Amino acid sequence: MTTRRKVLQGLTLAAPTLLLGCDRLSQSPSFRDLLKTGDWLSYRVQRLIGSDALAREFAPSEMSPVFRTNGNTMPGSADYQRLLTTQFADWRLQVTGLVEAPAALSLADLRAMPTRTQITRHDCVEGWSAIGKWTGTPLGAVLEQARLKPAARYIVFHCADDFYGTPYYESIDLADALHPQTILAYGMNDAPLPTGHGAPIRVRIERQLGYKSAKFIMGVEAVSDLSGFGKGEGGFWEDVAFYDWYAGI
Ligand SMILES: Nc1nc2c(c(=O)[nH]1)N[C@H]1C(S)=C(S)[C@@H](COP(=O)(O)O)O[C@H]1N2
Ligand SMILES: [Mo]
């Protein structure tokens with residue numbers, strides 16, 4: 001018991017250090033392994049106790065009056081700027097990788113598919129939360145249409161933005177990808193998704209921390225492993241700051 005408490009205390013003390021980006025500590029292999037064990041354990045436990053459990057949904061009266069933006073709010077690329085000026089008329093969601101029927105879907109295509117609206121709480125790892133209303137196409141519907149090949153295990157989200165030249169990307173397993181609340185949101189709070197929140201679409205991964213909910217999505221790719229992307233940890237923040245790949249809440 002005492003030992004477990006000490007380990008937990010050690011972990012809670014270590015967490016803020018990580019967030020502040022203390023590289024020497026977080027890069028020490030044993031420390032990383034310790035964190036990775038925790039990540040893996042929470043992943044297994046979550047998957048055991050039910051991967052279909054829904055994140056809490058809220059009433060309209062509980063919506064935050066202000067929902068701040070975070071991270072990148074405007075991709076700098078010329079391609080994105082061009083898409084923005086034509087209100088994403090030429091934007092296509094590239095559905096690629098381990099699928100039988102690769103596709104390039106317009107916003108109109110997505111809007112014509114099944115729709116889901118949900119009021120949920122966004123929790124950022126930096127310590128703020130906000131409740132907002134999201135409308136979009138279930139990712140599961142897109143993947144069903146594209147027909148996943150049996151070897152597919154993860155979905156990678158490719159984004160239009162980068163931090164100092166390193167592209168933002170994220171990835172989730174199929175349990176989260178096919179979860180009913182995982183939607184490609186084109187609407188927020190009954191309006192088209194604002195640019196700062198990830199236009200034309202951003203994914204909502206409601207049972208994980210905010211950084212998993214990738215904005216400015218250009219493509220979704222079905223893959224069998226994540227080693228070929230970025231530094232191989234499954235996401236931008238996972239690569240550069242050792243955030244957990246499985247950020248379950
Ligand atoms: N493409 C992209 N997606 C992103 C980010 C980003 O910088 N780029 N930031 C992440 C983080 S840390 C958070 S908390 C949320 C912020 O979403 P919001 O701007 O809608 O509040 O987006 C996440 N998705
Ligand atoms: Mo965040």
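Atoms within each ligand, like the ligands themselves, are counted from 1 in listed order. What you see is a predicted model; the values in this text were computed from it and never measured.
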Is there at least one pair of N or O atoms, one from His197 and one from ligand 1, spaced under 3.5 Å apart?
yes
Please state which part of Phe236 comes within less than 4.0 Å of ligand 1, counting heavy atoms only: side chain, backbone, both or neither.
neither
One residue to check: Phe216. Relative to ligand 1, which of side chain, backbone, both or neither has a non-hydrogen atom less than 4.0 Å away?
side chain
Could you see if Leu98 belongs to whatever hydrophobic cluster contains Val156? Use Ile, Leu, Val, Met, Phe, Trp, Tyr and a side-chain cutoff under 4.5 Å.
no
Structural part of Arg202 in contact with ligand 1, heavy atom criterion under 4.0 angstrom
side chain
Side chains of residues 160-168: which donor-acceptor pairs under 3.5 Å do they make with residues two or more places apart or in other chains?
{"from": "Asp161", "atom 1": "OD2", "to": "Asn72", "atom 2": "ND2", "distance (Å)": "2.8"}
{"from": "Asp162", "atom 1": "OD1", "to": "Gly165", "atom 2": "N", "distance (Å)": "2.8"}
{"from": "Tyr168", "atom 1": "OH", "to": "Tyr211", "atom 2": "O", "distance (Å)": "2.8"}

Residue portion contacting ligand 1 (non-hydrogen atoms closer than 4.0 Å) for Ala160
neither
What part of Trp128 sits under 4.0 Å from ligand 1 if we count only heavy atoms: the side chain, the backbone, both or neither?
side chain
Can you confirm whether Arg153 is buried at CZ, in the sense that more than 12 heavy atoms of other residues, nucleotides or ligands lie under 6.0 Å from that atom?
no
Contact region, Arg68 to ligand 1, non-hydrogen atoms below 4.0 Å, reads backbone
Check the pair Tyr80 / Phe216 against ring pair (Phe, Tyr, Trp, His ring centres under 6.0 Å), numbers first and verdict last.
CA-CA 9 Å; Tyr80 185 85; Phe216 317 112; 5.8 Å; yes
Select one of side chain, backbone, both or neither to describe which atoms of Asp161 lie under 4.0 Å from any atom of ligand 1, heavy atoms only.
side chain
So, is the end of the Arg82 side chain (NZ or CZ) under 6.0 Å from the ring centre of Trp91 and within 45° of the ring's axis?
no
Short N or O distance, Trp134 and ligand 1, threshold 3.5 Å exclusive:
no
With rounding to the nearest 0.5 Å, note down the distance linking CG in Asn70 to SG in Cys124.
4.5 Å
